[in-house]
Structure formats: C-alpha cells, structure tokens
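In this chain, residues are counted from 1 in sequence order. Both ligands and their constituent atoms are indexed starting at 1 by order of listing.
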Amino acid sequence: MLGAGVVGGSLIRRLVEEHAAIEAKTGLDLELRRVAVRDIAKARAAAVDAALITVDAAQVVDDPSVELVVEVMGGLDPAGEMVLRALRAGKPVVTANKALLAERGPELFSAAEEAGVPLLFEAAVGGGIPIIRPLSETLAGEQVTRVIGIVNGTTNFMLTQMAEHGASYGDVLAEAQRLGFAEADPTADVGGGDAAAKAAILASLAFGTWAGIDNVYHEGIDKLTAADMKWAAELGYTIKLLAIAERLEDGVSVRVYPAMLPVSHPLASIRGATNAIFIEGPSVDELLFAGPGAGGEPTATAVLGDVIDAAREILAGAQVAPRIRLAPGELVEFEDVATKWYVRLEVDDQPGVLAQVAGAFGNHDVSIKSVLQEGRGDDATLMIVTHLAAERQQQAAKNEIAALPKVRSVASVVRVESPDV
Ligand SMILES: NC(=O)c1ccc[n+]([C@@H]2O[C@H](COP(=O)([O-])OP(=O)(O)OC[C@H]3O[C@@H](n4cnc5c(N)ncnc54)[C@H](OP(=O)(O)O)[C@@H]3O)[C@@H](O)[C@H]2O)c1
C-alpha cells in the first residue's frame with residue numbers, strides 16, 4: 001500500500017480485521033506486505049506492524065513479495081511514477097487518485113495494457129458508489145448519450161445548506177470546514193477542479209474519448225448567492241454543481257458548472273454530501289447511482305473490491321484485456337455547446353428596459369423563455385430564462401446587456417439543465 005491516511009487507514013483495518021471474512025467469501029488470502037507513509041512517527045488508527053512501514057514508496061513497489069500495489073497516497077508526485085513503475089513490473093495497481101488519472105490517464109492505461117495487468121480505479125469517482133465498473137463493463141455495449149453527476153460532496157453539502165437554510169456562501173463554507181467536509185484550502189472543491197477531474201474520467205468511460213483535465217471547462221460555486229438559491233426555488237429549480245459528459249452531434253462535451261435543475265429531476269433530491277451519477281442511454285433509458293461519495297470507509301470498500309478483482313486476475317494468471325480503450329475523439333469547444341441561461345439583472349425601474357434587454361438577446365439569436373420582474377421603487381430585478389443557444393451567443397448577449405445604460409449590473413448567470421425549456 002502507498003498511503004495509510006483516510007482511505008488507506010480504513011483499508012488496512014479491513015484487511016486486518018476482516019481477513020477471515022474476506023477469505024471465506026472470496027477464497028483469497030490477502031496479506032499486507034508493505035506500507036508507505038510520509039511521516040513514520042504519526043499515530044495510525046489501524047494497527048500496522050511497524051516493520052511493514054517505510055517512507056520510501058519505491059521500496060513497496062519494488063519488493064518482490066508484493067504482487068499488487070494500492071495507491072492511496074494522492075497527488076501527482078510520486079504517485080504517478082510509482083503507479084507506472086508497478087505496472088511496468090507487471091504488478092496490478094488499484095488507485096483512488098482521480099487527479100492522477102485525469103492528468104496522466106492515457107499514459108497509465110497504456111502501460112497497464114502493455115503489461116497485460118489491471119489498473120483499477122472504482123474509488124476515483126463517487127467514492128463508495130459503484131460507477132466505474134457499471135460504466136466500463138455492464139454498460140460497455142450501451143450507446144450512452146449523457147452522464148450527469150453530482151460528484152463533489154463538499155459543494156453539494158454547501159448548496160444544500162444554502163437552499164434549505166437561506167445561508168450565505170461564506171457561512172456554509174465555514175460550516176463545511178468546521179464539520180470536516182471542506183479542506184482548509186477549499187479551491188479544488190468549490191472551484192470545480194475536483195469535479196472536472198471526475199468528469200474527464202466519466203467521459204472517457206462513457207464514450208472512450210479522452211478529454212484530459214485541461215479540456216474540461218469548469219466553473220465553481222463560489223459566485224452563487226443566497227438570492228440565486230431563493231430565485232431558483234421560486235422558478236421551480238434547485239442549483240447543483242454538475243459534471244456533465246455528453247455526446248453531441250459534433251463530438252463529446254465535458255463540462256462542470258453550477259446549474260439549475262427542475263425540482264422533479266432525480267438529481268435535484270440528492271442532498272448533503274451524497275453523490276449521484278445519472279446516466280442516459282437509448283436502451284437503458286435512465287439510470288441513477290447514488291450514495292456516499294467520500295469518507296474512509298465507503299471509499300475503502302470500493303478500493304477493496306478492486307483489490308479482490310485484481311487478486312482474482314492474478315490467480316487466473318491470464319493477460320488482462322483493458323477495461324478502457326481511449327481514442328483521441330472529437331471534443332466540442334465549450335463556446336459551441338448549446339446551453340440555457342438564467343440571468344438576474346439589477347436594472348433601473350423605467351419603461352423600456354425590458355425591451356432593450358430582450359433586444360440585446362435577440363441581436364445574438366438568443367430567445368427568451370420566461371421573464372420575472374420585481375420592482376422596488378427606482379430599481380428592479382429582472383430574472384430571465386433563455387432557450388437553448390450556443391455559449392458564445394449567450395456570452396455576447398450578456399456583454400451587450402451589461403453595457404446598457406439602464407442595466408446596473410448582471411448580478412448572476414446560472415445555466416439551466418432542463419429538458420423542458
Ligand atoms: N478521503 C476520501 O474520502 C477519498 C474519496 C475518494 C478518493 N480519495 C482519493 O484517495 C487518495 C487518498 O486520499 P486520503 O483522503 O486517504 O488522503 P490522506 O488522508 O492525505 O492520506 C495520504 C496518505 O499517503 C501518505 N503519503 C503522502 N505522500 C506520501 C509520500 N510522498 N510518500 C509516502 N507516503 C505518502 C500519507 O502519509 P502520512 O500519513 O504520513 O501523512 C498518508 O498516509 C487520494 O487520491 C484521494 O483523492 C479519497
């Protein structure tokens with residue numbers, strides 16, 4: 001094992017305490033041979049024989065008695081080199097590291113294919129939710145059209161608090177940090193980067209197209225306000241941070257942003273730190289996978305399942321066919337993707353404003369679905385939901401609107417993911 005932290009610690013406990021139960025169920029005698037950590041003096045929740053622990057990850061990978069490597073150290077370095085080294089030595093690897101896969105996926109998967117050993121990563125998306133295996137095996141023959149996921153528990157917890165308690169973004173972030181749902185530096189979660197890495201992985205499984213983290217457009221939740229949540233509810237929506245991988249006419253689109261979902265959508269009811277992945281395909285119609293997206297115990301279950309799978313492959317002794325085949329496939333630029341917008345404007349409460357705003361949308365071929373206005377004397381709030389139009393048209397319309405003399409500010413833009421607009 002490389003790492004014995006939140007996930008690794010839970011896995012070690014399971015390997016030790018549930019050894020007999022695992023053997024009874026699977027026939028496998030899983031033995032912990034070596035564990036790499038950063039700080040050897042740190043107290044460990046799970047009992048590990050001190051003789052097994054090292055600070056040198058290479059010692060774990062190179063140990064001839066180690067047949068299978070579990071990478072739960074996180075980060076890109078040295079995790080990437082260690083995974084490659086293990087694969088090249090013909091050792092199956094189980095990893096939970098979405099950041100590493102999103103950054104170096106093709107290289108790692110081809111090393112696994114060349115060596116004929118499995119590289120398994122069920123825990124990398126959705127923590128304890130089985131989603132990688134269903135997508136790469138059960139649904140391998142389905143022409144999946146779209147995958148939409150709530151794949152970051154921190155932000156879903158925060159958005160749920162904002163929606164249900166009218167709390168501000170700053171207050172819910174502080175609360176999430178106090179409860180241990182958010183890191184001291186929450187950027188990867190609230191900025192959408194973590195969800196983008198998972199979106200890249202989901203896209204590659206659903207479509208065999210490698211997006212690569214740099215090609216995933218992502219926006220976080222940090223600009224959302226309590227007012228956005230309130231207006232969304234009033235319009236019949238809830239706001240969720242969505243990781244979307246979609247097959248469009250000209251290729252695949254992979255993107256992450258907070259979006260309004262109709263309250264009737266199955267993902268709208270996913271509350272708190274729970275994760276969920278919604279899959280659409282012509283034959284299966286709609287599938288929903290939901291559950292704990294993080295946490296030591298649920299994530300260790302996914303890792304352990306992969307360990308058992310890989311151990312069975314070792315016993316079978318055959319070359320392993322790759323679970324995932326990546327082709328460079330066409331990716332659709334985000335500016336070309338058709339989206340629907342909700343726009344909130346602060347305007348002068350004067351005749352003609354609405355006509356000017358509608359005109360600006362019209363100048364860029366964006367048609368309006370609905371308008372709601374709330375006046376307060378000399379100023380007013382306009383809430384507009386548009387029909388589908390390419391991102392670049394929506395952006396151009398927004399820029400024109402922002403420059404209108406009677407428009408005080410474009411207070412908010414949130415995309416709308418709804419089949420009925
Ligand atoms: N936590 C979750 O709920 C969750 C869910 C899904 C996926 N994951 C993924 O699982 C992986 C592990 O996450 P985690 O939360 O378990 O992380 P963590 O608690 O920070 O544990 C990391 C472990 O790796 C060790 N380590 C780090 N750098 C090392 C180095 N250079 N050499 C040797 N050991 C090193 C650490 O040693 P020390 O103990 O000495 O510091 C620690 O034991 C990450 O890729 C993460 O994205 C986590």
Side-chain angles (χ1 to χ4, degrees), residues 1-14 32 34-46 48 50 52-63 69-83 85-86 93-105 108 119-132 149-157 176 179-189 193-198 200-202 213 243 273-275 277 291-307:
M1 283 184 58
L2 306 176
V6 174
V7 179
S10 292
L11 182 63
I12 290 172
R13 187 190 65 72
R14 304 276 287 275
L32 187 59
R34 300 230 70 182
V35 182
V37 296
R38 200 168 16 201
D39 176 3
I40 220 152
K42 203 187 259 184
R44 307 274 158 199
V48 192
L52 302 184
I53 300 185
T54 172
V55 288
D56 182 2
Q59 276 194 20
V60 176
V61 175
D62 296 342
D63 186 325
V69 173
V70 178
E71 186 277 302
V72 278
M73 71 201 311
L76 301 180
D77 246 351
E81 288 320 302
M82 291 302 127
V83 169
R85 192 166 168 140
V93 173
V94 174
T95 179
N97 194 336
K98 62 240 142 189
L100 176 62
L101 292 174
E103 187 73 32
R104 295 179 66 176
L108 299 177
L119 168 58
L120 303 179
F121 51 101
E122 183 60 70
V125 182
I129 307 170
I131 183 65
I132 303 298
I150 293 175
V151 290
N152 183 276
T154 307
T155 46
N156 204 52
F157 168 81
L179 294 172
F181 285 131
E183 311 263 339
D185 176 2
T187 319
D189 292 324
D194 173 77
K198 293 166 179 169
I201 295 171
L202 290 173
I213 185 74
T274 304
N275 280 199
I277 296 106
E297 290 298 318
T299 308
T301 295
V303 176
L304 186 51
D306 278 350
V307 168

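- Shown in contact with A123 at under 4.0 Å from a heavy atom are these atoms of ligand 1, numbered in order with element: 6 (C), 7 (C).
- Within the 4.0 Å heavy-atom criterion, both parts of V6, backbone and side chain, lie near ligand 1.
- Using a 4.5 Å heavy-atom cutoff, the side chains of R38 and M73 are not in contact.
- The two atoms that bring A96 and V303 nearest to each other are CB-CG2, 4.4 Å, heavy atoms only.
- Between the choices M1, E183, K98, the shortest heavy-atom distance to atom 46 (C) of ligand 1 belongs to K98.
- Across E71, R104, E103, a single residue satisfies side-chain hydrogen bond (donor to acceptor under 3.5 Å, both in side chains) together with N97, and that is E71.
- Considering backbone and side-chain atoms alike, V7 places an N or O below 3.5 Å from some N or O of ligand 1.
- For ligand 1, the atoms lying closer than 4.0 Å to a non-hydrogen atom of G3 are 23 (C), 24 (O), 25 (C), 43 (O).
- Taking a distance limit of 4.0 Å, we find that atom 20 (O) of ligand 1 is approached by no protein heavy atom.
- Remark: minimum distance from atom 32 (N) of ligand 1 to any protein heavy atom is reached at M73 CE, 3.4 Å.
- The shortest contact between atom 3 (O) of ligand 1 and any protein heavy atom is with G295 N, 2.6 Å.
- Closest protein heavy atom to atom 44 (C) of ligand 1: G74 CA, 3.6 Å.
- Contact annotation: for P78 versus ligand 1, heavy atoms closer than 4.0 Å belong to the side chain alone.
- With distances taken over non-hydrogen atoms, the option nearest atom 12 (C) of ligand 1 out of D77, V72, T299 is V72.
- Checking side-chain atoms of D306 against main-chain N and O of F121 turns up a donor-acceptor pair under 3.5 Å.
- Taking each heavy atom of V35 and A4 in turn, the nearest pair found is CG1-CB, 3.8 Å.
- Heavy atoms only, all atoms of each residue included: L100 and G80 are closest at CD1-CA, 3.5 Å.
- Shown here is Q59, whose CD atom has more than 12 heavy atoms of other residues, nucleotides or ligands within 6.0 Å.
- Contact between F181 and A273 at its shortest, heavy atoms only, is CE2-CB, 3.9 Å.
- The protein heavy-atom contact nearest to atom 40 (O) of ligand 1 is D39 N, 2.7 Å.
- When only non-hydrogen protein atoms are considered, atom 34 (N) of ligand 1 lies nearest to V37 C, 3.0 Å.
- In terms of N/O distances under 3.5 Å, ligand 1 is approached by G5.
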Are T187 and D185 close enough, and set up right, to give a side-chain hydrogen bond (donor to acceptor under 3.5 Å, both in side chains), and what steps lead you there?
-> CA-CA 6 Å; T187 319; D185 176 2; 2.3 Å; yes
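- For the pair A302 and G127, the tightest heavy-atom approach, listed with the atom from each and the gap, is CB-O, 3.4 Å.
- Heavy atoms of A96 found under 4.0 angstrom from ligand 1 belong to the backbone as well as the side chain.
- Side-chain contact check for R85 versus D62: some heavy-atom pair is nearer than 4.5 Å.
- Inclusion of A294 in the set of residues having an N or O under 3.5 Å from an N or O of ligand 1 is not warranted.
- Residue contacts with ligand 1: A57 is excluded, as none of its non-hydrogen atoms falls under 4.0 Å.
- When hydrogens are left out, the protein atom nearest atom 38 (P) of ligand 1 is K42 NZ, 3.4 Å; that is the closest non-hydrogen contact.
- Between A4 and ligand 1, a contact under 3.5 Å exists for at least one N or O pair.
- The two residues E122 and I131 come nearest to each other via the heavy atoms OE2-N, 2.8 Å.
- In this structure, the side chain of T54 does not engage the main chain of A36 through any donor-acceptor pair within 3.5 Å.
- Residue A36 has at least one heavy-atom neighbour below 4.0 Å for each of these atoms of ligand 1: 34 (N).
- Under 4.0 Å from ligand 1, heavy atoms of R38 appear from its side chain as well as its backbone.
- For R44, every heavy-atom contact with ligand 1 shorter than 4.0 Å involves the side chain, none the backbone.
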